[in-house]
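Before any comments, here is the structure.
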Amino acid sequence: MSKEAKLELDGKVYTLPTVEGSEGEKAVDVSSLRATSGYITLDDGYGNTGSCSSKITFIDGDLGILRYRGIGIEELAEKSNFIETAYLLIYGSLPNADQLRTFSDALMEFQFLHEDMKYHFEGFPTGAHPMAILSAMINAASCFDEKIMRWQWGKTKEFDIVVAKLISQVRTIAAYSYRKSHGLPLIYPKKSYKYTANFLHMLFSSPYEDYEIKPEVVKALDLIFLLHADHEQNCSTSTVRMVASSQANLFASASAGVCALWGPLHGGANQAVIEMLEQIHKEGDDGSRFIAAAKDKNSGKKLMGFGHRVYKNYDPRAKIIKKSCDQVLEKLKINDPLLDIAKHLEEAALKDSYFVERKLYPNVDFYSGIIMRALEIPVEMFPVIFAIGRMPGWIANYKEIMEEPKSRIYRPRQVYVGRTLNPYVPLAERK
Ligand code: CMC
């Protein structure tokens with residue numbers, strides 16, 4: 001028998017149903033509370049609010065567990081790759097050989113952008129942030145494609161095409177965004193390269209000379225994509241679901257996700273971590289002064305790459321990334337002083353009562369920036385890399401919304417605390 005919650009308000013008792021997830025997560029269903037009692041629930045920042053039921057990703061923040069469709073992130077990081085994991089997230093299970101080939105072929109087929117999109121890229125000033133270009137151009141891409149604009153939910157074959165277009169083209173757009181923001185000529189994708197190698201080619205080759213594709217570089221970047229592929233109801237994914245709930249098209253929803261991801265508290269944190277480490281290095285600090293400032297609420301500083309809304313333990317992605325970081329730096333024979341500062345910061349913070357009491361641990365962004373620096377990816381591209389990686393998760397969440405027969409438009413309530421009825425004052429009478 002399912003449990004019920006009892007809530008007493010104004011002398012009346014309301015019975016609320018409870019819901020239990022497949023991993024034992026418990027929730028009180030308050031969806032009827034306003035209709036029955038006149039009360040809404042108030043939860044600033046949604047820290048205690050479940051916005052949906054989902055079958056995609058499971059996180060246990062206390063134990064540091066992350067699973068995509070039930071498979072542990074550690075196992076995927078070791079045995080899978082980004083494209084296979086993308087398929088897993090979107091379609092619900094690992095692909096067989098035929099399904100994987102069809103998916104990869106579709107990614108190859110749709111990797112070119114419409115030629116006329118070049119004119120849109122030309123309109124951006126040199127120096128424009130690649131996240132701004134990425135978001136705008138994902139949305140613009142839908143205007144060049146009838147299938148995306150007119151596609152109705154329920155047409156499975158068309159969904160496969162639209163998905164392949166988005167996953168493939170986001171990478172082409174991302175590389176072009178970087179080239180454009182540096183005033184460099186655009187480089188077209190090549191048929192002979194797989195997904196991640198092709199991205200590096202479009203980013204770094206010149207019209208005269210192809211960038212040398214090193215397997216260790218491809219592997220490290222592919223792992224970063226895979227580790228970012230989904231993370232349940234975070235700020236950007238909730239944004240994608242919010243937009244999708246109005247039945248906007250997939251590209252419009254994903255473009256909104258890019259904007260939500262851009263901020264330094266979310267996908268922009270990897271860029272902010274490197275900027276923080278560079279500042280510490282420039283000031284000749286070993287990290288101790290910065291830690292003191294991060295603990296002082298008046299300093300305006302935070303230890304970037306630390307803390308998480310859900311993880312109150314080591315972020316499992318951070319463990320994998322830290323190991324990969326050591327391997328990449330060793331393979332590429334790079335000695336980065338920022339890595340020493342990062343390690344010192346981590347060691348000091350994990351012993352410091354401020355961070356211990358608040359359960360603040362390194363998150364995925366703490367070491368990913370150091371790897372990307374070693375791969376010579378420019379710092380403003382770090383959130384863009386995050387966006388490419390997160391695309392399968394956004395698509396999987398979009399699909400979940402569309403497949404839910406009882407799906408409603410997302411529309412939270414509020415508690416109004418502004419002025420009560422207030423007469424209009426004509427301009428001449430205003431002080
Ligand atoms: N440095 C110093 N203090 C911190 C930090 C930090 N990085 N993170 C949280 N705190 C403090 C915070 O000031 C608060 O202190 P108090 O209880 O005294 O008021 C306490 O820890 C609880 O923090 P919170 O702000 O309630 O936590 P939140 O769940 O609202 O925010 C967060 C989570 C990730 C935005 C926050 O930890 C943060 O700003 N971290 C730095 C930015 C960062 O690394 N973001 C990447 C997150 S992982 C990638 C992703 O999925 O987006």
Side-chain angles (χ1 to χ4, degrees), residues 43-49 56-62 64-66 68 73 131 224-241 257-277 279-280 287-322 342 345-346 348-372 379 382-394 397:
D43 179 18
D44 186 34
Y46 309 130
N48 201 50
T49 295
I56 304 166
T57 289
F58 172 68
I59 299 177
D60 185 322
D62 295 322
I65 291 173
L66 169 61
Y68 297 160
I73 193 70
M131 281 297 263
I224 290 179
F225 288 152
L226 183 152
L227 292 176
H228 287 85
D230 195 40
H231 213 235
E232 54 121 298
Q233 305 313 314
N234 53 78
C235 175
S236 57
T237 303
S238 300
T239 301
V240 169
R241 284 186 87 112
V258 173
C259 293
L261 188 72
W262 191 358
L265 299 190
H266 191 15
N270 45 23
Q271 179 174 347
V273 168
I274 290 298
E275 286 162 0
M276 170 187 80
L277 294 174
Q279 188 196 339
I280 293 173
S288 316
R289 285 205 304 271
F290 194 89
I291 290 209
K295 294 192 291 184
D296 174 4
K297 299 275 190 276
N298 299 318
S299 71
K301 289 187 176 155
K302 270 184 169 181
L303 186 51
M304 300 310 285
F306 255 71
H308 200 275
R309 172 62 61 81
V310 181
Y311 293 120
K312 300 302 166 201
N313 199 326
Y314 218 106
D315 178 340
R317 303 168 300 173
K319 272 191 202 156
I320 300 168
I321 282 228
K322 188 178 178 186
L345 276 178
E346 179 187 345
L350 292 178
K351 278 195 264 169
D352 190 301
S353 60
Y354 174 95
F355 294 90
V356 174
E357 278 159 21
R358 289 169 180 76
K359 299 190 177 160
L360 301 170
Y361 290 86
N363 59 49
V364 66
D365 292 314
F366 196 65
Y367 286 105
S368 64
I370 296 177
I371 301 186
M372 289 194 267
V379 75
F382 292 4
V384 172
I385 303 285
F386 194 151
I388 299 174
R390 185 53 55 88
M391 203 51 75
W394 289 341
N397 276 275

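Side chains are part of it too, since the values below use all heavy atoms of this structure and drop only hydrogens, waters and symmetry mates. These numbers were taken from a predicted model, which means no experiment stands behind them. Atoms within each ligand, like the ligands themselves, are counted from 1 in listed order.
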Quiz item: With sequence neighbours excluded, what pairs up with Ala342 under the side-chain contact (heavy atoms from CB on, under 4.5 Å) test?
Solution: Leu277, Phe366, Tyr367, Ile370

Self-check item: Thr237 side-chain N/O to Gln233 backbone N/O, donor-acceptor pair under 3.5 Å
Solution: no

Quiz item: Taking only residues two or more places apart in sequence or in another chain, which ones pass side-chain hydrogen bond (donor to acceptor under 3.5 Å, both in side chains) with Asn363?
Solution: none

Exercise. Please check if the distance between the ring centroids of His231 and Tyr311 is under 6.0 Å.
Key: yes

Quiz item: Using a 4.0 angstrom limit on heavy atoms, which residues are close to ligand 1?
Solution: Leu265, His266, Ala269, Ala294, Lys297, Lys302, Leu303, Met304, Gly305, Phe306, Gly307, His308, Arg309, Tyr354, Arg358, Leu360, Asn363, Asp365

Exercise. Could you please spell out the steps behind the side-chain contact (heavy atoms from CB on, under 4.5 Å) verdict for Leu261 and Thr239?
Key: CA-CA 9 Å; Leu261 188 72; Thr239 301; over 6 Å; no

Identify all side-chain donor-acceptor contacts of residues 354-362 below 3.5 Å with residues at least two apart in sequence or on another chain.
residue : atom : partner : partner atom : Å
Tyr354  : OH   : Lys297  : NZ           : 2.8
Arg358  : NH1  : Tyr354  : O            : 3.2

